Each structure stands twice: as C-alpha cells, then as structure tokens.
Amino acid sequence: MQNLLHNLNPEQLAAVTLPAQSALILAGAGSGKTRVLTTRIAWLVQTGQISANGILAVTFTNKAAKEMLMRLSAMLPINTRGLWIGTFHGLCNRLLRAHHRDAGLPQTFQILDSADQLSFIKRLLKANNVDDEKYPPRTLMYFINGAKDSGLRASEVEAYDAIERKMVELYDLYDQQCQREGVVDFAELLLRSYELLSRNQPLREHYQARFKHILVDEFQDTNDLQYKWLKLLAGQHGAVFAVGDDDQSIYAFRGANVGNMSAFEREFRVQNLIKLEQNYRSHGHILDAANTLIANNSKRLGKNLRTDAGHGEPVRVYEATSDIQEAQWIVEEAKNLIREGSLRSEIAILYRSNAQSRVIEHSLFTSGIPYRVYGGQRYFERAEIKHAIAYLQLMDNPHNDSAFLRVVNFPARGIGARSLEQLQDAAKQYNLSLYAAVPYVAGKAGSSLSSFVKLIEGARFETQQLPLPEMVQIVLEVSSLIEHYQTEKEGADRIENLEQLVNAATLFVSEEGFGLDAPALAGPASQATPNVITIADGVEIIDADAALPAVMSPLSAFLSHASLEAGDNQAQAGQDALQLMTVHSAKGLEFDAVFISGLEEGLFPHENSAKEEGGAEEERRLMYVAITRARKRLYMSFSQTRMLHGQTRYNMRSRFFDELPEEAMKWLSPKTQPSWFASSKSAWDESPSTGANTIAQSFNKNAWRIGESVFHAKFGEGVIVNIEGSGANSRAHINFGRHGMKLLDLSIAKLDKIPG
DNA sequence: GCCCTACACCTTTTT
DNA sequence: GGTGTAGGGC
C-alpha cells in the first residue's frame with residue numbers, strides 16, 4: 001500500500017484516495033493524470049473496496065487503454081486480460097457481442113470503419129437513385145454520425161427543410177440496410193449499446209450493480225451520447241471518477257462537448273473537485289508560454305500550471321521564406337540537438353495537418369535522418385489488406401454486401417458491371433443480400449457468380465476446424481490474392497504485407513488468450529461454460545466477461561480488431577527515429593524537444609475553424625496541447641510562402657505569436673515581417689500567377705508588389721497575394737489574416753508599406 | 001470486360 | 001500535389 005501511494009503529491013494523493021462518490025479531477029497537461037487513474041484503480045482493489053471485475057475504465061484511444069493496462073499490471077498481481085478497460089468503442093463491441101440477441105444483432109456483426117461507411121453510403125445513394133451532387137455522401141455521413149452521436153435515431157431527428165427531410169429519410173434507409181447486412185458503424189456501437197441498456201431493465205441493473213466504479217480518461221472529449229451512456233451505466237449509485245482538462249478539448253469537430261464537464265459536476269452532484277496543477281514535464285519558459293496563450297480563451301474552468309523546474313531555454317521562433325526553407329531549418333536544428341546528445345525519438349516535429357509532413361519528410365530524407373511518420377495510411381487500411389479482410393468477412397458474415405462487392409471481382413474473374421447489375425436487381429426484388437441473391441441470377445453471369453460463392457463456401461468448409469492464422473494463410477491462397485500480386489510490377493510489398501497478416505493473426509490470438517489451436521469459427525466460450533449465468537427477476541443473464549474469447553469467435557474478434565484498431569503503420573518501428581505527427585495525434589505524448597511548424601494564419605489556426613462556432617478557441621487549445629508536449633526545448637516556425645493544393649500561398653504569421661510572453665521567447669529572425677522580395681527571389685520563381693504587368697511594375701519603386709506586407713487602418717497588417725489590372729485600375733487581393741482576404745482598389749485604398 | 005487517360009476535388013483533426 | 005472517379009477506346 002505504502003509503496004503504491006508514495007511519491008504522489010498532496011493533490012494526487014487526495015484524488016487517488018477519494019471516497020466512493022463521483023469526482024471530477026481537473027488534470028493539467030503533464031500533471032500525472034494517467035498515474036492518478038491507474039493508482040486509483042490499484043488502490044480500490046488493494047484496499048478491498050472492490051474486486052477487479054467491478055471496475056470499468058474508459059479511454060478514447062487504444063494507445064491510452066494499453067498504457068493503462070500495462071501500468072496496472074505492474075502495480076497489481078492480477079490477470080489484466082479480463083478487466084473492463086478499453087475504449088468506448090471496444091467496450092461497447094464486447095457488450096454487444098455478449099448480448100447480441102437482446103441488441104438485435106447477428107453474433108457475427110461486423111464493424112464499418114470510416115472509409116467503409118463512406119463507400120456504404122455511396123452505394124446506398126446509387127441504389128436509391130439519389131443525386132449525389134445534391135446530397136454529397138460525405139455530408140450525409142456527417143449528418144448520420146452527428147445524429148447518432150447525439151443519441152438520435154432517424155425517427156427522432158427534426159428536419160427543417162426539404163433537404164433535411166430527405167437526409168432523415170436516407171438515414172433511416174441507411175440503418176435498415178446496415179441491419180440487413182449485419183454491419184454497424186462506429187457511432188452505432190455506442191448508440192446500440194446505449195439502447196440495449198436503457199430498454200433492458202434487468203440487464204441494466206445487472207451492470208449497474210456490477211460496475212460500482214467507473215473511471216473516465218480525457219473526459220473533456222466525451223460527446224453527448226457517451227455522456228448519456230456513462231450516466232445510464234452509473235445509475236443512482238455508481239461512482240464516476242472523471243479525469244479531464246477543458247484546455248485540451250480538441251475534438252469538438254467530431255461531437256465532443258466540453259460542456260459535459262460542468263454538466264457532470266451538476267448532474268452527478270460532484271462533491272469532490274480536485275485540480276492537478278503541478279506540472280512535472282516542462283521547463284518554466286515553455287509552461288509560461290502555454291499559460292499565457294491559453295489565458296486568451298474565455299470559456300475555461302480555470303487552472304494554471306506551475307513547475308519547480310527552472311526557466312530553462314527560451315522558446316525559439318523562426319521565420320522562413322518558404323516551406324522548403326522552414327523544413328531545412330528544422331532539420332538543421334534537429335541535427336544540432338542530436339549532436340548534443342539527444343535521442344532522435346525524443347524529438348518531435350508537429351504540424352496542423354497531415355499534408356504538411358511531405359516537405360519535412362523530403363528534407364529529412366535528403367539529410368539521411370531516420371524518421372517515423374504517425375497517422376497517414378495504417379496497416380489495416382492498405383488496399384491489399386482490406387481485400388484479404390473482405391474475404392474473411394464474407395466467411396464470417398456473407399451478407400456484408402460491402403465486402404462482397406470489394407472482392408467479387410478482385411482478382412478479376414470476369415464479373416463485370418453488367419453481371420452485378422443483374423445481381424443487385426435480384427437482391428432488391430427478393431430483399432436479399434447480394435450473396436444470397438446469387439442463385440436468382442441466370443445465364444453466364446449466374447454461373448460465374450455461383451463459382452465465386454463456391455469459392456467462399458469451399459474456403460469456409462476447408463478451414464472450419466483450423467485456427468485463425470492457418471485460416472488466413474489458406475484464404476490468401478484460395479482467393480488468388482498472392483498470385484495476383486505476383487504478376488503486378490509493384491506487387492512485392494503488397495505480398496509482404498499480406499504475409500504479415502498471418503503473423504498479425506498469430507499475435508492477436510495469443511495476446512487475447514484464444515489459444516493457438518482454437519478453431520477460428522468456433523463461437524464464444526461462455527456458451528460452453530455456463531458458470532457466468534445470473535438470475536434477475538427470473539431473467540437469465542449471461543454476464544459478459546471482458547475477455548474476448550468469452551464473447552466471440554477468434555475470427556469475429558480479429559475482424560473487430562482490424563476495424564477498431566487500424567494498426568500502427570509499422571514503418572521503421574523500433575528504430576531510433578525522429579517523430580513526425582499532427583498536433584492531434586501528439587496529445588498524451590511528451591518529448592524532450594518539440595518543433596511546432598507552419599504557424600501561419602489559415603493553417604494554424606486553420607481557416608476552416610473560423611466558420612465553426614468556438615473554432616478559434618479550439619485552435620488555441622490545440623496550440624496549447626502542442627506547446628505542452630515539450631519538456632526542455634520548444635521551437636516554433638512559420639513561413640512566408642507555402643505550396644498548398646499545388647499552388648503557392650502567402651500567409652501571415654499566426655495570431656498566436658501575439659499571445660505569447662515576450663520574455664519567454666527568442667526570435668531567431670527579426671520579428672517584423674520583412675518584404676521577402678528583397679531577401680528572396682524564389683518567391684517570384686514559384687509563383688506563375690504573377691502576370692507580366694506586375695513584374696514590370698515591380699521595378700517601379702512606388703508600385704505595390706505581390707508578397708509585400710502592407711498596413712490598412714481598418715484591417716491591420718496584410719500581405720498582397722495577387723494584383724490584377726494595371727496602372728490606375730489595378731486592384732490587389734490582400735490577405736489580412738484574421739480579417740480575411742480583401743480585394744482593394746490600389747488607387748483608392750489607403751495602404752502603407754511595412755518596410756522590410 | 002478491362003485498361004488507360006483526363007479531370008475534379010481535395011485537406012483539419014480520428015474511434 | 002495526390003488520389004479517386006468517370007468516360008472513352010480497345
């Protein structure tokens with residue numbers, strides 16, 4: 001016990017040992033929040049207040065869940081595999097598998113990832129002759145997910161115009177088709193388990209009685225449905241231990257609602273609110289920068305981080321002339337750090353959007369520095385893996401039309417658009433899945449389709465007694481996927497990836513405790529071992545064990561895993577490499593040195609954020625997250641020009657520079673924005689849009705030039721992005737940063753030059 | 001039925 | 001700049 005609690009500071013100790021009531025822990029960045037969460041669980045178990053299976057702990061990312069399990073197994077001498085610790089989606093998946101009948105789902109229901117969902121919607125629109133220009137698939141997807149994230153079914157969504165009415169109608173059709181095919185999207189996992197618990201009283205009461213302690217990580221990221229889900233599961237007596245940081249709420253765009261924190265305080269009658277403000281991560285100047293910046297936000301619960309570490313190094317700021325030069329500067333600085341003894345893996349380069357990684361990668365590649373990019377395409381998202389998975393999906397649930405369409409003619413087996421049209425007609429006529437409709441198609445199309453069905457059924461028969469890895473191996477062969485890629489020029493990598501899938505299956509089966517020889521298709525083990533049956537009001541409840549083998553077959557579990565954990569992109573794993581990632585994916589991580597790049601108006605803060613309510617504050621929180629990733633060294637950079645979407649953009653430096661404390665910063669370049677025409681000619685070379693007339697004008701000392709910084713009485717500082725017309729008729733497009741882009745008549749507008 | 005080319009659109013972040 | 005889709009040619 002003593003060693004469990006020693007080394008905790010007074011606030012952490014108070015949080016860990018709170019009584020069994022709901023509590024809100026406001027945990028600032030680097031204040032030891034994961035430590036508090038895991039120690040709390042260990043303390044509850046060790047003091048005998050609850051057994052390990054009476055605890056439910058929820059996180060948002062698989063990474064966070066794994067981290068928690070790992071730390072916990074170091075503190076407690078128990079098997080952590082059976083613990084209810086996981087992501088919202090992972091836990092809901094388990095619950096729905098265990099109670100699939102009550103939830104109205106087939107045992108082998110499959111999970112659509114975002115890409116699957118989008119193509120599913122495209123197919124739905126086509127099948128119902130809906131104009132996809134009027135109803136863009138992406139818009140419909142956001143509409144459906146938004147409704148589900150608020151806990152609303154189609155029948156409950158209010159529509160205010162004809163477009164919305166149609167979207168509601170499509171939402172309804174979408175749900176019906178998902179049901180027919182036995183597939184669920186991410187939001188559905190939550191909504192369906194919420195409905196399961198709210199409609200089934202004995203089940204609800206059973207789990208309420210079981211989970212007396214619910215712990216939630218990153219509470220600020222919960223959406224309305226997740227909040228309702230927690231409230232339902234906690235019931236009247238459950239104690240919810242919520243840990244969060246309103247300043248790190250960066251997922252409003254996908255439905256997260258920071259308001260849940262104050263709602264929680266009110267509705268759960270929180271008596272215990274503890275703030276963790278002692279930061280153990282960053283040096284003083286870095287923390288000052290973070291505190292000063294975030295103070296510009298109005299809606300805050302109030303919290304200020306402090307540190308015992310000294311000021312440390314100032315935050316270094318660099319202004320580059322181009323994105324290429326910015327990347328070169330970053331690489332040079334990183335080299336210096338490495339020369340001074342830094343580990344490459346302790347240096348992170350952060351950016352706002354994935355597209356920005358390209359230039360930096362190029363620069364790193366040329367310098368021969370190993371690096372690792374997070375995000376981007378992940379293992380289970382690769383086309384060849386998706387194909388192999390689709391064969392496996394059809395063997396587990398043949399009614400998954402998406403899987404059917406993906407591989408019915410891949411590798412090519414002469415089943416073209418015409419055959420599929422006939423099949424789709426038949427499926428519609430008899431209200432069957434494509435797979436089931438195959439016998440109703442006559443002629444040549446019918447026979448090639450039947451041989452595809454025979455292929456799937458043959459594979460299923462051949463592998464029904466085999467363990468998962470062997471099943472995967474056989475599927476790779478009988479599907480002819482390997483053979484197909486052997487004939488393709490660039491196929492070698494793909495074949496290697498496919499063979500990795502067998503290893504992934506082996507690893508998965510052993511990690512989740514299925515046993516290496518358990519038949520892949522065998523149902524859940526709990527049906528054979530009825531010792532988990534509970535009787536409540538005469539109703540039999542098979543209690544869901546947290547361990548996967550108890551609730552699903554190895555194959556179903558593996559397919560869930562592929563959707564829920566897209567898998568790291570395993571590029572250069574294990575090597576000491578520089579870390580490249582978006583600010584979003586850096587949340588929860590920390591590094592000795594951090595570079596925040598592309599700090600320009602329109603990029604960071606992102607221009608799209610201006611349209612969204614509270615968007616500006618969310619961008620500022622994002623910046624706060626970025627700053628607080630750094631332990632010892634922090635670098636910020638921006639560039640005067642940047643290639644984006646194939647054209648050169650001229651951006652102003654980010655407004656965030658005006659919100660940082662002067663004394664913590666060190667500008668490596670003059671702070672006033674110089675006219676870069678004087679210092680760099682490359683801006684001209686890269687900008688074909690500059691007409692001949694403007695080039696001619698540029699030799700006139702008094703004329704305005706593209707790229708020049710100007711000052712306007714009303715709009716403030718701006719940059720000339722383009723000039724049209726000539727002489728007295730010339731007008732300029734000027735980017736005034738937060739005031740937006742303006743088209744001004746140069747002979748009328750009062751503009752001052754800002755000297756370089 | 002399949003392959004190739006042209007063009008459109010994109011790009012904020014993710015379970 | 002890259003990717004996905006549509007349409008035309010074989």
Side-chain angles (χ1 to χ4, degrees), chain A residues 58-65 86-93 111-119 122 126 132-133 136-138 141-142 145 148-149 184-190 218 221-223 225-226 248-256 323 350-359 361-362 374-378 380-381 383 409-421 444-445 448 560-567 581-588 598 602-612 615 618-619 621-623 625-626 642-649:
Chain A
V58 207
T59 64
F60 277 85
T61 64
N62 295 300
K63 198 161 62 185
T87 63
F88 275 103
H89 296 88
L91 295 176
C92 286
N93 182 37
I111 302 166
L112 301 176
D113 66 25
S114 320
D116 298 336
Q117 189 188 14
L118 189 63
S119 52
K122 285 180 184 163
K126 207 165 257 175
D132 61 3
E133 303 229 319
R138 208 169 282 274
M141 181 163 94
Y142 292 145
N145 290 343
K148 289 191 181 186
D149 285 343
V184 300
D185 57 52
F186 286 140
E188 183 72 21
L189 283 170
L190 272 138
E218 307 275 17
D221 288 337
T222 52
N223 65 32
L225 179 56
Q226 287 158 342
Q248 293 189 67
S249 159
I250 55 173
Y251 285 109
F253 70 92
R254 65 169 195 210
D323 49 353
L350 309 184
Y351 33 80
R352 176 65 235 267
S353 59
N354 278 310
Q356 288 166 251
S357 76
R358 176 175 310 282
V359 193
E361 281 186 71
H362 180 79
Y374 287 78
Q377 216 191 22
R378 292 184 289 183
F380 284 108
E381 288 166 357
N409 197 36
F410 192 93
R413 40 177 82 86
I415 300 174
R418 287 290 288 279
S419 309
L420 288 177
E421 221 168 273
K444 194 161 145 274
S448 47
S560 297
H561 167 79
S563 301
L564 290 174
E565 297 188 47
M581 66 192 84
T582 63
V583 181
H584 279 91
S585 45
K587 190 162 94 159
L603 203 63
F604 197 178
H606 198 275
E607 52 202 354
N608 292 6
S609 71
K611 297 179 208 125
E612 282 147 36
E618 176 143 324
E619 293 290 309
R621 290 192 294 269
L622 198 51
M623 181 65 182
V625 168
R642 183 175 297 277
M643 281 290 277
L644 211 64
H645 308 178
Q647 57 183 13
T648 310
R649 295 184 20 152

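For clarity, every value in this text was computed on a predicted model and none was experimentally measured. Numbered from 1 within each chain, the chains take letters A, B, ... in sequence-line order.
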Quickly work out the [X] [atom1] to [N] [atom2] distance and round it to whole Å.
X        : N      : atom1 : atom2 : answer
A:Arg138 : B:dT14 : CZ    : P     : 14 Å
A:Glu619 : B:dT13 : CD    : P     : 12 Å
A:Asp116 : B:dT14 : CG    : P     : 17 Å
A:Glu218 : B:dT13 : CD    : C1'   : 14 Å
A:His606 : B:dC10 : NE2   : C1'   : 11 Å
A:Leu190 : B:dT15 : CG    : P     : 14 Å
A:Asn354 : C:dG1  : CG    : P     : 18 Å
A:Glu381 : C:dT3  : CD    : C1'   : 15 Å

Check every atom of [options] against the side chain of [X] and return the nucleotide holding the closest atom.
X        : options                : answer
A:Ala412 : B:dT11, B:dT15, B:dC2  : B:dC2
A:Lys122 : B:dT15, C:dT5, B:dT13  : C:dT5
A:Arg254 : B:dT14, B:dT15, C:dG1  : B:dT14
A:Arg418 : B:dC2, B:dG1, B:dT13   : B:dG1
A:Ser419 : B:dG1, B:dT14, B:dT15  : B:dG1
A:Asn608 : B:dT13, B:dT11, B:dT15 : B:dT11

Worksheet item: Do NZ/NE/NH1/NH2 and the carboxylate oxygens of A:Arg621 and A:Glu618 come within less than 4.0 Å?
Response: yes
Ignoring hydrogens and geometry, is there a side-chain-to-backbone donor-acceptor pair from [X] to [Y] under 3.5 Å?
X        : Y        : result
A:Asn145 : A:Asp185 : no
A:Thr59  : A:Ala64  : no
A:Asn409 : A:Gly416 : no

Worksheet item: Within the stacking criterion (centroid distance below 5.5 Å, interplanar angle below 30°), does A:Phe253 stack on B:dT13?
Response: yes
Practice prompt. Evaluate the side-chain proximity of A:Val625 to A:Ile250: yes if any heavy-atom separation is below 4.5 Å, no if none is.
Written response: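 Yes; the side chains approach each other to less than 4.5 Å.
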Response to the item:
Of A:Ser609 and A:His89, the one whose nearest nucleotide on DNA chain B sits closer to the 5' end is A:Ser609
Worksheet, complete the sentence: Of A:Glu607 and A:Asn62, the one whose nearest nucleotide on DNA chain B sits closer to the 5' end is A:Glu607
Please work out if [X] contacts a base, only the sugar-phosphate, or nothing of the nucleic acid, heavy-atom cut-off 4.0 Å.
X        : value
A:Ala187 : nothing
A:Phe60  : sugar-phosphate
A:Phe604 : nothing

Worksheet item: Quantified in whole Å, what is the C1' atom distance between nucleotide C:dA6 and nucleotide B:dT11?
Response: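 The answer is 22 Å between these two C1' atoms.
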Practice prompt. Report yes if a donor N or O on one partner sits less than 3.5 Å from an acceptor N or O on the other, where the partners are the side chain of A:Ser114 and the base of B:dT15; otherwise report no.
Written response: yes
Discussion item. For the CZ atom on A:Arg413, are there more than 12 heavy atoms of other groups (residues, nucleotides or ligands in this structure) within a distance under 6.0 Å?
Written reply: yes
Side-chain N or O of [X] versus OP1/OP2 of [N]: is the shortest distance under 4.0 Å?
X        : N      : answer
A:Asn145 : B:dT15 : no
A:Thr87  : B:dT14 : no
A:Arg649 : B:dT11 : no

